[in-house]
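Report on the following structure.
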Amino acid sequence: SGVSSGFSTGQASTLLREVASQNIANPIFIFDELDKAVTSQNTDISSRLLGLLEEQEAIHWNERYLGTDVDFSNLTFLFTANSLKTIPTPLLSRLRVVEMPVISNVNSQTYINNIVQNMSANAGVDARFHQLTTCENRLLRKHFTTHKNFRLLKKQVQLLLDNKDKDLRGSAVN
């Protein structure tokens, strides 16, 4: 929410700094894991967000650093959360909740294929060069049923692809 310019640590709010630095009047702000936001003696994130989520209040958002109101009504906010239980009811009532389906083992091969496609695209490589063997796919699916963790699955795929790339570079030298 910013710190008044009268203080030596004075600075504009993160929202205003981002709008100004990106030179975009209607950005999208993503708050990851809202359910883990902690209220401290310095700030209550939930209460600060309430005003931003009400259009009439967002039009006259008090920017402490500037000492005046700023129109933040064109900002868009997306929030992620693993649970709704710890999100205060007043804040939750202003959000449209979209429940994501439970991670399914049935779709594990699709997850693996998408990870390979994305990694290939990011590396500028045709995905056909990053094909996993039947055994590798089976092993990834088997482990996914126990951990159901996309970050871990991505790391496992990355390790397999890195080894394939290393093997290809090694055989090209020979």
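Excluded from the calculations below are hydrogen atoms, water molecules and symmetry mates; all remaining heavy atoms, backbone and side chain alike, are included.
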Side-chain donor-acceptor pair present, Asp162, Gln158, cut-off under 3.5 Å: yes
If you measure from CH2 on Trp61 to CG on Asp71, what distance do you get to the nearest 0.5 Å? 12.5 Å
Full working for side-chain contact (heavy atoms from CB on, under 4.5 Å) between Arg64 and Ser13: CA-CA 8 Å; Arg64 292 178 186 166; Ser13 67; over 6 Å; no
Checking side-chain contact (heavy atoms from CB on, under 4.5 Å) for the pair Asn149/Gln156: CA distance, chi angles, key distance, verdict? CA-CA 11 Å; Asn149 181 320; Gln156 291 170 333; over 6 Å; no
For the atom pair CG (Asp32) and CG (Leu34), what is the distance rounded to the nearest 0.5 Å? 9.5 Å
Rounded at 0.5 Å granularity, tell me how far NZ in Lys36 sits from CG in Asn82. 4.0 Å
Heavy-atom nearest pair, Gln117 first then Ala127, reads NE2-CB, 3.6 Å
If you take all heavy atoms of Glu33 and Thr80, which pair is closest and at what distance? N-OG1, 2.7 Å
Atom CG of Leu140 and atom OG1 of Thr133: how far apart are they, to the nearest 0.5 Å? 9.0 Å
Go through the steps to decide whether Ile115 and Asn118 satisfy the test side-chain contact (heavy atoms from CB on, under 4.5 Å), and finish with yes or no. CA-CA 5 Å; Ile115 290 170; Asn118 288 336; 5.9 Å; no
Do you know the tightest heavy-atom contact between His130 and Val116? O-CG1, 3.4 Å
Tell me the closest heavy-atom pair linking Ser93 and Pro90, and the distance in Å. OG-O, 2.8 Å
Decide yes or no on side-chain contact (heavy atoms from CB on, under 4.5 Å) for Asn113 and Leu132, but give the supporting numbers first. CA-CA 9 Å; Asn113 293 343; Leu132 299 174; over 6 Å; no
Please work out whether the ring planes of Phe79 and Phe77 are parallel, tilted or perpendicular, with thresholds of 30° and 60°. parallel
Identify the two heavy atoms, one from Ile112 and one from Arg141, that lie closest to each other, and give their separation to 0.1 Å. CD1-CG, 3.8 Å
Value for CZ (Arg94) from OG (Ser46), rounded to nearest 0.5 Å, stands at 11.0 Å
Any donor-acceptor N/O pair, Asp35 side chain to Ser83 backbone, under 3.5 Å: yes
Shortest non-hydrogen separation from Ile45 to Ala37 and the atoms involved: CD1-CB, 4.0 Å
Evaluate the side-chain proximity of Leu160 to Leu139: yes if any heavy-atom separation is below 4.5 Å, no if none is. no
If you round to the nearest 0.5 Å, how far is CD of Gln131 from CG of Leu161? 11.0 Å
